[in-house]
Amino acid sequence: DTAVSQTPKYLVTQMGNDKSIKCEQNLGHDTMYWYKQDSKKFLKIMFSYNNKELIINETVPNRFSPKSPDKAHLNLHINSLELGDSAVYFCASSHGGALAETQYFGPGTRLLVL
Amino acid sequence: AQSVTQLGSHVSVSEGALVLLRCNYSSSVPPYLFWYVQYPNQGLQLLLKYTSAATLVKGINGFEAEFKKSETSFHLTKPSAHMSDAAEYFCAVSDVNFNKFYFGSGTKLNVKP
């Protein structure tokens, strides 16, 4: 069983479109995260949710909106996609909200905006 | 505020040689420090972490790291490189006081036969 799963694995879309990436974890963790990894492999945290409550919200355009229907899911919705949004997006989860906890990462979603 | 610097974006070693990947952090308070590994086309996996217990931390796959407060460093080492160690390695620091988490820019390890 996959611990942290993301769908889709690949996403190719046109500028201006709206798209969603889904993330699910079956580890029973309380906290979930979204990261963006750019073409130079630089990883930056975008959001963190603990028990469906937003606890980290880094400087990210408001075109990006996370949604957590329950603590096992954290989806990322992106409006009006731009070329610069092309990246690999990773979902992660951890037990508890403390940043000392080990994070478990999904396989990533490779987004290409044309 | 926290930040983390990884010296050397690419490191190349021969199989069987010592692996040393450097990580320095800046922090006004004792941080929590992590090393993660990313294999091609995969997500990140924790190698080891320092959370203010023993300064020498042992991780998976024979890796270890030593927290040196005086040098603000958390370098990752492995005595003998294996071909399967070829991957991207990320150092990370968390500041629980400010609820911040940062990854370094990564070091790509190449292992030559």
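For the numbers below, each heavy atom of this structure counts, side chains included, while hydrogens, waters and symmetry mates do not. Chain letters run A, B, ... following the sequence lines, proteins first, then strands; residues in each count from 1.
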*Evaluation steps, ring-ring contact (aromatic ring centres under 6.0 Å, His included), between B/F34 and B/F103*: CA-CA 9 Å; B/F34 306 78; B/F103 276 100; 8.4 Å; no
*Are any side-chain N or O atoms of B/Q6 and backbone N or O atoms of B/G106, one a donor and one an acceptor, separated by less than 3.5 Å?*
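Checking the backbone N and O of B/G106 against the side chain of B/Q6, a donor-acceptor pair under 3.5 Å is found.
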_Donor-acceptor pair, side chain of A/R63 and main chain of A/N79, under 3.5 angstrom_ =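 Confirmed, A/R63 side chain pairs with A/N79 backbone.
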*In terms of heavy-atom proximity below 4.5 Å to chain B, should A/Y35 be classed as side chain, backbone, both, or neither?*
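When you check distances to chain B, only side chain atoms of A/Y35 fall under 4.5 Å.
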*Under a 4.5 Å heavy-atom cutoff, which of B/E88, B/Q42, B/Q38, B/Q45 has the most pairs with chain A?*
B/Q38
*asked:* If you count heavy-atom pairs within less than 4.5 Å of chain B, which of A/K40, A/Q37, A/K44 leads?
replied: A/Q37
*Interface moiety of B/F90 toward chain A, non-hydrogen atoms closer than 4.5 Å*: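 The answer is the side chain of B/F90.
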*Could you tell me which non-hydrogen atom of B/N61 sits nearest to which non-hydrogen atom of B/L47, and how far apart they are?*
ND2-CD2, 4.5 Å
